[in-house]
4 protein chains.
Amino acid sequence: MSKMNLESAKYYLEKTSSGASTEDIDSMPFKFFEPMIMSGLKVDHIEPGRVLCSMIVPQRLLNVANSLHGGATAALVDVVGSAVIMTVDGVTTTGVSVEINVSYLDAAFAGDEIEIEAKALRVGKAVAVVTVEFRNKKTGKIIAQGRHTKYLAVSSKL
Amino acid sequence: MSKMNLESAKYYLEKTSSGASTEDIDSMPFKFFEPMIMSGLKVDHIEPGRVLCSMIVPQRLLNVANSLHGGATAALVDVVGSAVIMTVDGVTTTGVSVEINVSYLDAAFAGDEIEIEAKALRVGKAVAVVTVEFRNKKTGKIIAQGRHTKYLAVSSKL
Amino acid sequence: MSKMNLESAKYYLEKTSSGASTEDIDSMPFKFFEPMIMSGLKVDHIEPGRVLCSMIVPQRLLNVANSLHGGATAALVDVVGSAVIMTVDGVTTTGVSVEINVSYLDAAFAGDEIEIEAKALRVGKAVAVVTVEFRNKKTGKIIAQGRHTKYLAVSSKL
Amino acid sequence: MSKMNLESAKYYLEKTSSGASTEDIDSMPFKFFEPMIMSGLKVDHIEPGRVLCSMIVPQRLLNVANSLHGGATAALVDVVGSAVIMTVDGVTTTGVSVEINVSYLDAAFAGDEIEIEAKALRVGKAVAVVTVEFRNKKTGKIIAQGRHTKYLAVSSKL
């Protein structure tokens, strides 16, 4: 019983194919992660301290349950959260990540239009904290909410 | 000044190219996210409640600073954290994510070998909590540490 | 050097006096923690899914820097977050805590009036997630923001 | 129905009595919070980067379910997490809190002996991250695990 569980877990972690060959993945270009996550993202509104984006959930970002992958959601908290820091006057760096957290509230399925709203809670000389919320555009239901903390004074030692 | 910041943030969010065309990305197969994140992951040790993996940081998962992308780290917390739940006796589902958090402590660069250790802190009938730690295999330094909370009783309503 | 650090840390952890004797503290009544945290809290507005409270930061909840103690803030996230779950129709329990997180953004000093706003992001059959924000009432500046996740189906096994 | 819920929530937030009068609480000394939380804490082992404490769960820190209050647990993550930063060579401040998170795994009841282990994951010039774990001393079961992030370069602007 347990042995079967161990083998399932190992298989899950080491399998990589999903219509893509290992060779294809290994030859992906440098820094491919961001375009892979962000392709299709549109900025609907932007002002200092606030960004509102929308996106149709793409098939490539689905999990086994055919909904937006929690890891992709966390990655979007990272990138949209970084972007909103940039919008604040006087900021010249997006810094390095200190902490990301995400609560998952509802599923988003392929083809669903979601909106992603990021707000700067605080952007100081050294530390910035932003919140990022994912909502189903049609129903308004919250899909996920996260916070992202960055350290901005990267020229000095972390 | 602020206007330039807004335009930079918008450009960052809507650019997608990085050697990959938008068409290539949009035609990626269903559920491509997991193989994209996990290709190259090896399971070095597995036992009930604990998984130890290793991985050479691949070029595709780098951020603009040429180190492992924080979003990719969070996604690995998700998938390796889910796998360790599977290793526990009597578990028949990996459930749905409730919360993921990650602290970022040090950078990992392309070619660095990292080890990822996941431990089940608690796997109950309804809620499981695991911890996932990323270390540089050569230096032993901690790169990141996260926790992942899942709800397991998914047949009933969340 | 290090030795002095170790002794300072040990002293900090084991000292308890601060005008109160150990005997006074040890004889405190059952469940004294909540009134100690919550005394002075006023509910300014309450509706299903949302609670707005206010409080004058009391001297008893200060830290060594004379501002609201981060541990007290976290405790208030817990109790005000639990209260907002109660406001949702059909809820008959506030459940047990699964996760609390808090970001600290600004200091609140003794005598400052703060407002604490809790909103239910999701209250399902089994899992509830709420957000709690602390603001300086005069300046509107955010002092802290947290999220609280609870498991509601406590009659069944966690 | 909903109205009853609203009144219960309001009553819960504004009640303070529990054998203690409001006057007693309001006259508590400055910075009473820490001794109230920490009285009874013993340091069993201390070394650079690691502190192991123990404590008998006191009646004053119980919640309505007669187990250790989640807010008290979070407060202990704060103070024990701060102490472990002090133990690291060259550290001259414990800084200010940036983020605290706690996962709750099991209940601890009055009279249970718990051990609290804090480890420094990283103590840099500017940012420190520590982990704090609560275990039942008799059974070894994990009661809670948290992380605490602090900003150390407080002389400069946060």
Side-chain angles (χ1 to χ4, degrees), chain C residues 1-2 5-6 8-10 12-14 16-20 22 25-26 28-39 41-43 46-48 51 53 58-64 69-72 74-75 78-80 83-84 86-89 91 96-104, chain D residues 1-2 5-6 8-10 12-14 16-20 22 25-26 28-39 41-43 46-48 51 53 58-64 69-72 74-75 78-80 83-84 86-89 91 96-104:
Chain C
M1 181 65 131
S2 166
N5 281 358
L6 296 182
S8 302
K10 188 174 191 306
Y12 167 68
L13 287 168
E14 295 190 338
T16 59
S17 57
S18 162
T22 303
I25 294 174
D26 291 349
M28 280 177 172
F30 263 78
K31 306 178 191 180
F32 184 63
F33 183 75
E34 287 201 359
M36 213 282 291
I37 292 294
M38 296 162 77
S39 183
L41 201 61
K42 278 182 298 182
V43 176
I46 188 162
E47 63 183 293
V51 174
C53 301
Q59 58 179 36
R60 70 183 187 279
L61 298 184
L62 300 182
N63 60 19
V64 287
H69 198 291
D78 183 346
V79 295
V80 183
V84 80
M86 278 192 216
T87 66
V88 175
D89 267 359
V91 170
V96 296
S97 290
V98 169
E99 172 93 16
I100 287 177
N101 63 48
V102 194
S103 288
Y104 298 92
Chain D
M1 183 63 131
S2 166
N5 281 357
L6 296 182
S8 301
K10 188 174 191 303
Y12 167 68
L13 286 168
E14 294 190 339
T16 58
S17 57
S18 162
T22 303
I25 293 174
D26 290 350
M28 278 178 174
F30 264 79
K31 306 180 192 179
F32 184 63
F33 183 74
E34 286 203 358
M36 213 281 292
I37 291 295
M38 295 162 78
S39 183
L41 201 60
K42 276 182 300 181
V43 175
I46 188 163
E47 65 183 291
V51 173
C53 300
Q59 59 181 34
R60 72 183 185 277
L61 298 184
L62 300 183
N63 61 19
V64 288
H69 198 291
D78 184 345
V79 294
V80 184
V84 79
M86 277 191 218
T87 66
V88 174
D89 268 357
V91 170
V96 296
S97 290
V98 169
E99 172 93 19
I100 287 178
N101 63 48
V102 194
S103 288
Y104 298 93

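Chain naming here is simple, since letters A, B, ... match the order of the sequence lines and numbering starts at 1 in each. A quick note: this is a predicted structure, and the numbers were derived from the prediction, not measured.
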Let's test your reading of the structure: which of C:I37, C:V84, C:L62, C:D26 forms the most heavy-atom pairs below 4.5 Å with chain D?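 Looking at each of C:I37, C:V84, C:L62, C:D26 in turn, C:L62 comes out on top.
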C:N101, C:V51, C:V80: which one forms the most heavy-atom pairs within less than 4.5 Å of chain D?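 Most heavy-atom pairs under 4.5 Å with chain D: C:N101.
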Looking at NZ of C:K31 and CD of D:Q59, how far apart are the two atoms once the value is rounded to the nearest 0.5 Å?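 One finds 11.0 Å between NZ of C:K31 and CD of D:Q59.
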Point-to-point distance, once rounded to the nearest 0.5 Å, from CG of C:N63 to CD of D:E34: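 Result: 7.0 Å between the selected atoms.
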Heavy-atom pair with the smallest gap, counting every atom of [X] and [Y]:
{"X": "C:S103", "Y": "D:E99", "value": "OG-OE1, 2.5 Å"}
{"X": "D:A9", "Y": "C:I46", "value": "CB-CD1, 3.8 Å"}
{"X": "C:A83", "Y": "D:Y12", "value": "CB-CD2, 3.9 Å"}
{"X": "C:L13", "Y": "D:V79", "value": "CD2-O, 4.1 Å"}
{"X": "C:G71", "Y": "D:D78", "value": "N-OD2, 3.0 Å"}

Among D:A74, D:A75, D:C53, D:P58, residue most engaged with chain C (heavy-atom pairs, under 4.5 Å):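 Of the options given, most contacts go to D:A75.
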Would a 4.5 Å heavy-atom cut-off, applied to side chains only, mark C:M28 and D:M36 as touching?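 SC-SC contact between C:M28 and D:M36 confirmed.
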Just so I know, are the side chains of D:N5 and C:T87 near enough to count as touching, which here means a heavy-atom distance under 4.5 Å?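 When only atoms from C-beta onward are counted, C:T87 and D:N5 do not touch, as no gap falls below 4.5 Å.
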